Undergrad: 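Take this structure first; my questions come after.
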Protein chains: 2
Amino acid sequence: MATRSIKEVARLARVSVGTVSNVLNRPEIVAPATRARVFDAIRELGFVRNEVARHLRVGRSRTVGLVVLDVANPFFADVAQGAEALADEHDTMVVLCNSGTDPNRERRHLDQLEQQRVMGILITPVDAGSPRLADLAARGTPVVLVDSAATGLQCSVAVDDRLGGQIAAAHLIEQGHRRIAFVGGPPSIKQVADRRAGAAGAVEAASGVELLDASMPMLSAAAGRAAGERVAALPPAERPTAAFCANDLLALGFLQAMAACGLRVPGDMAIVGYDDIDFAAAAAVPLSSVRQPRELLGRTAVELLLEEVAHPERHRHRQVIFQPDLVVRESSALRRRD
Amino acid sequence: MATRSIKEVARLARVSVGTVSNVLNRPEIVAPATRARVFDAIRELGFVRNEVARHLRVGRSRTVGLVVLDVANPFFADVAQGAEALADEHDTMVVLCNSGTDPNRERRHLDQLEQQRVMGILITPVDAGSPRLADLAARGTPVVLVDSAATGLQCSVAVDDRLGGQIAAAHLIEQGHRRIAFVGGPPSIKQVADRRAGAAGAVEAASGVELLDASMPMLSAAAGRAAGERVAALPPAERPTAAFCANDLLALGFLQAMAACGLRVPGDMAIVGYDDIDFAAAAAVPLSSVRQPRELLGRTAVELLLEEVAHPERHRHRQVIFQPDLVVRESSALRRRD
DNA sequence: ACTGCAGCTTGAGTCGATTCAAAACGATCT
DNA sequence: AGATCGTTTTGAATCGACTCAAGCTGCAGT
């Protein structure tokens with residue numbers, strides 16, 4: 001109710017609305033005395049510029065959407081922080097949306113963001129192949145894939161997940177493990193599939209090594225616990241001696257299940273996680289993990305988006321790929337020969 | 001560029017803009033044949049309603065802002081999830097903003113949210129006393145304080161932090177500790193001050209117990225490590241035997257510092273954290289912690305806001321307060337008498 | 001044939017800020 | 001006094017969707 005408009009400011013300062021607008025946007029072209037009068041009026045009325053009207057008129061929004069698979073996963077919190085840091089430098093807001101790996105929630109968020117006419121969308125999609133994403137781009141909302149490589153239709157920032165899966169598995173093989181469980185998530189998620197493929201590659205390259213699948217429909221600690229219980233329940237002869245988990249939440253849950261079932265880590269079960277979230281190092285058994293440049297992912301995604309928005313005509317989509325590396329901690333320390 | 005407006009839809013469907021608007025908002029009053037023609041046109045053009053224009057006209061936004069102290073703290077991620085869950089049921093978006101306990105970033109976010117004319121703002125303020133919050137409310141943007149009790153000028157949802165601090169300290173005292181460190185954060189943050197006050201109360205009620213302050217300017221794991229190193233460096237006679245940390249991130253960092261300095265937990269140093277984030281249970285030494293209903297805080301905050309927006313006239317500000325409880329784990333298990 | 005009425009559709013006006021061509025102003029120079 | 005030029009200010013048109021009073025149609029009732 002107490003919302004003042006530019007018109008009321010104009011009346012109080014005895015100038016036209018055009019002048020008030022000029023004071024707001026190009027104060028240097030307004031005579032100092034007038035400018036001061038307008039500022040006084042603004043202060044007196046407690047005027048706050050209506051960004052909605054401004055946006056409607058100029059057609060450009062100052063917010064970008066970031067749709068992630070799971071806000072509760074510190075990995076995405078860090079990506080978001082990186083994104084926000086750079087956006088902030090450009091006076092831009094980041095709207096963080098959580099799809100929770102549910103394609104319907106993802107679609108709803110995309111619909112809303114498009115209706116809001118955001119400047120662009122950064123997304124870690126549940127299903128990167130979805131035509132919805134191509135539609136968005138075609139209708140004029142730039143899209144940047146985060147943590148998932150694109151195929152030329154849009155920009156993307158990603159980490160080489162096959163390589164990550166490969167070095168994780170290779171490390172476990174080198175430690176002498178011959179039966180390795182892969183604890184993944186929904187297979188539609190590209191990162192999961194790639195990490196698995198990388199691990200499978202390393203397993204095939206070695207001889208006499210098996211990769212067992214113990215994937216769950218979710219990427220949470222609870223899912224990791226469930227997977228751990230299932231694996232622990234196997235007869236010792238069939239049980240893998242190591243697990244490679246598609247992310248650290250799964251790995252932490254898996255680790256807890258091992259403790260609960262009386263299996264020692266790394267003695268009975270070595271574990272390697274993925275993402276190297278801060279909590280991995282603080283776990284009951286410090287967790288080996290494949291590290292990704294989290295903030296940098298977010299920051300670079302915003303960078304690509306701003307680039308595309310600034311020069312839509314001469315823009316060429318780019319795929320930025322970072323290299324992961326393995327951080328070895330106690331959870332996969334050298335296996336005792338028995 | 002490929003942005004279609006209601007006008008183009010009207011032309012293609014050979015109806016007036018008013019009819020298209022009716023199809024969008026009250027389809028039941030439009031004749032079925034007309035409605036079908038309009039829907040066809042919408043599909044053919046790939047029309048997406050411009051929420052910005054709609055918002056300008058109807059004056060009400062469908063997004064709420066949530067400003068938190070630290071997105072990387074899983075506590076706030078969970079609060080955000082609770083908020084989003086309820087907002088979602090009301091077709092409302094939650095814009096998550098991170099102040100990082102920096103008053104300037106907080107102010108910038110509040111400015112932006114107010115300019116966007118959001119439906120309301122949920123905030124865990126850096127400084128709850130700031131006049132900025134009262135201004136917002138006075139100018140028509142409802143504010144709900146989250147995790148911080150208000151004094152009647154606005155709604156709030158909080159957990160009784162004094163009580164939380166008290167039960168944490170009482171527990172440590174009961175375990176036989178006589179020198180207890182309080183590891184807090186910036187004192188302007190009300191939660192920190194209240195938790196400290198609660199602990200101080202418990203300490204005074206017991207006799208011969210001291211509370212030492214080891215507060216840091218941040219509420220992160222890194223700050224916790226720094227505090228831990230400082231405390232560990234004290235001569236054993238002066239060193240406290242227990243630490244109560246203002247949140248779990250601090251506690252996890254503190255715990256890591258103990259391990260690094262060769263002090264055993266809980267043998268040489270008992271630790272109690274605050275928030276009971278999921279990672280507390282998975283820590284190297286499972287962490288005792290004061291539990292708060294995280295999702296419920298977020299959910300209730302949105303509930304209060306929606307209530308206020310729905311009936312601004314008959315609305316009376318409410319302060320909802322939840323009770324915390326202590327979850328005892330290994331990090332504060334009974335102290336061996338020596 | 002005329003009236004009344006219900007059901008649909010129309011289109012001008014509006015929300016608040018921006019834009020820009022045109023007008024107003026004021027100082028300087030003939 | 002009048003012409004000229006640079007600086008300021010003006011105000012109508014605009015962005016896209018919503019609203020609502022008014023208009024139109026066709027049908028039932030008399």
Side-chain angles (χ1 to χ4, degrees), chain A residues 1-39 41-42 45-62 111-112 114-119 139-141, chain B residues 1-39 41-42 45-62 111-112 114-119 139-141:
Chain A
M1 53 175 59
T3 300
R4 309 341 195 119
S5 77
I6 212 181
K7 215 182 284 178
E8 301 182 53
V9 174
R11 177 150 15 117
L12 183 60
R14 320 243 237 93
V15 296
S16 70
V17 295
T19 298
V20 178
S21 178
N22 283 334
V23 169
L24 257 26
N25 299 299
R26 284 115 69 211
E28 70 282 1
I29 73 160
V30 177
T34 315
R35 200 193 308 155
R37 236 166 53 236
V38 172
F39 277 132
I42 287 177
L45 292 173
F47 166 80
V48 174
R49 191 220 239 104
N50 186 329
E51 179 63 31
V52 177
R54 176 194 173 81
H55 174 185
L56 173 61
R57 184 61 236 258
V58 308
R60 265 216 323 158
S61 161
R62 301 233 112 277
D111 286 351
Q112 290 204 63
E114 189 178 15
Q115 289 179 13
Q116 311 253 16
R117 298 293 192 273
V118 293
M119 173 198 256
R139 282 198 293 261
T141 303
Chain B
M1 54 173 61
T3 301
R4 302 354 191 110
S5 78
I6 214 184
K7 214 183 283 178
E8 300 182 54
V9 173
R11 176 150 17 117
L12 182 60
R14 319 239 239 98
V15 296
S16 71
V17 294
T19 298
V20 178
S21 180
N22 283 335
V23 169
L24 257 26
N25 299 301
R26 286 114 69 212
E28 69 283 0
I29 73 160
V30 178
T34 315
R35 199 193 309 153
R37 235 164 57 234
V38 171
F39 277 133
I42 287 177
L45 292 174
F47 166 79
V48 175
R49 189 220 241 106
N50 186 330
E51 179 65 28
V52 178
R54 176 195 173 81
H55 175 186
L56 173 61
R57 185 60 235 263
V58 309
R60 266 215 324 156
S61 161
R62 302 232 112 276
D111 287 351
Q112 289 204 64
E114 188 178 15
Q115 289 178 13
Q116 311 253 13
R117 298 293 192 272
V118 293
M119 172 198 259
R139 282 197 293 259
T141 303

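First the proteins, then the strands, lettered A, B, ... as listed; each starts at 1. Please read all numbers here as calculations on a predicted model, not as lab measurements. Scope of the values below: all heavy atoms of this structure, side chains included, with no hydrogens, waters or symmetry mates.
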Undergrad: Round to a whole Å and report the spacing from NZ of A/K7 to P of D/dT10.
TA: 16 Å

Undergrad: Decide, yes or no, whether a salt bridge links B/R139 with B/E114 under the criterion of side-chain N to carboxylate O below 4.0 Å.
TA: yes

Undergrad: Whole angstroms only, please: what is the CZ-P distance between A/R11 and C/dG16?
TA: 12 Å

Undergrad: Please answer whether the main-chain N or O of A/R11 pairs with a side-chain N or O of A/R14 as donor and acceptor at a distance below 3.5 Å.
TA: no

Undergrad: For the side chain of B/R35 and the backbone of B/P27, is there at least one donor-acceptor N/O pair under 3.5 Å apart?
TA: yes

Undergrad: Scan A/V52 against the nucleic acid and name what it touches under 4.0 Å (heavy atoms): base, sugar-phosphate only, or nothing.
TA: nothing

Undergrad: Select from A/S5 and B/R14 the residue whose nearest nucleotide in DNA chain C is closer to the 5' end of that strand.
TA: B/R14

Undergrad: Which nucleotide in the set D/dC18, C/dA17, C/dT9 lies at the smallest distance from any side-chain heavy atom of B/T19?
TA: C/dT9

Undergrad: Which of these nucleotides, D/dC15, D/dA12, C/dC8, is closest to any side-chain atom of A/V17?
TA: D/dA12

Undergrad: Among side-chain atoms of A/N50 and A/R4, is any donor-acceptor pair under 3.5 angstrom?
TA: no

Undergrad: I need the CZ-P distance between A/R117 and D/dA17, as an integer number of Å.
TA: 7 Å

Undergrad: Counting only side-chain nitrogens and oxygens, does B/R35 get under 4.0 Å of the OP1 or OP2 atom of C/dC8?
TA: no

Undergrad: To the nearest angstrom, how far is A/N50 atom CG from C/dG16 atom C1'?
TA: 6 Å

Undergrad: Using a cut-off of strictly less than 4.0 Å, decide whether B/S16 has a side-chain nitrogen or oxygen near OP1 or OP2 of C/dT9.
TA: no

Undergrad: Are any of A/S21's side-chain N or O atoms less than 4.0 Å away from OP1 or OP2 of C/dA17?
TA: no

Undergrad: Rounding to an integer number of Å, can you tell me how far B/I29 CD1 sits from C/dG7 P?
TA: 12 Å

Undergrad: Which is more 5' along DNA chain C, the nucleotide nearest B/E28 or the one nearest B/G18? Just name the residue.
TA: B/E28

Undergrad: Please state whether the phosphate of D/dC18, meaning OP1 or OP2, lies under 4.0 angstrom from any side-chain nitrogen or oxygen of B/N25.
TA: yes

Undergrad: Looking at C/dA17, C/dT9, C/dT18, which one has an atom nearest to any side-chain atom of A/V58?
TA: C/dT18

Undergrad: Distance check: side-chain N/O of B/N22 vs OP1/OP2 of C/dC8, anything under 4.0 Å?
TA: no

Undergrad: In Å, rounded to the nearest 0.5 Å, how long is the span from CD of A/Q116 to CZ of B/R54?
TA: 11.5 Å

Undergrad: Output the rounded distance in Å from CZ (A/R49) to C1' (C/dT18).
TA: 10 Å

Undergrad: Assign A/V20 to base, sugar-phosphate, or nothing according to its heavy-atom contacts below 4.0 angstrom with the strands shown.
TA: nothing

Undergrad: Reckon A/G59 touches a base, only the sugar-phosphate, or nothing at all at heavy-atom distances under 4.0 Å?
TA: nothing

Undergrad: Does A/R57 get its side chain close enough to the base of D/dT14, under 3.5 Å, for a donor-acceptor pair?
TA: yes

Undergrad: So, is A/T34 near the phosphate of D/dT8, with a side-chain N or O under 4.0 Å from OP1 or OP2?
TA: no

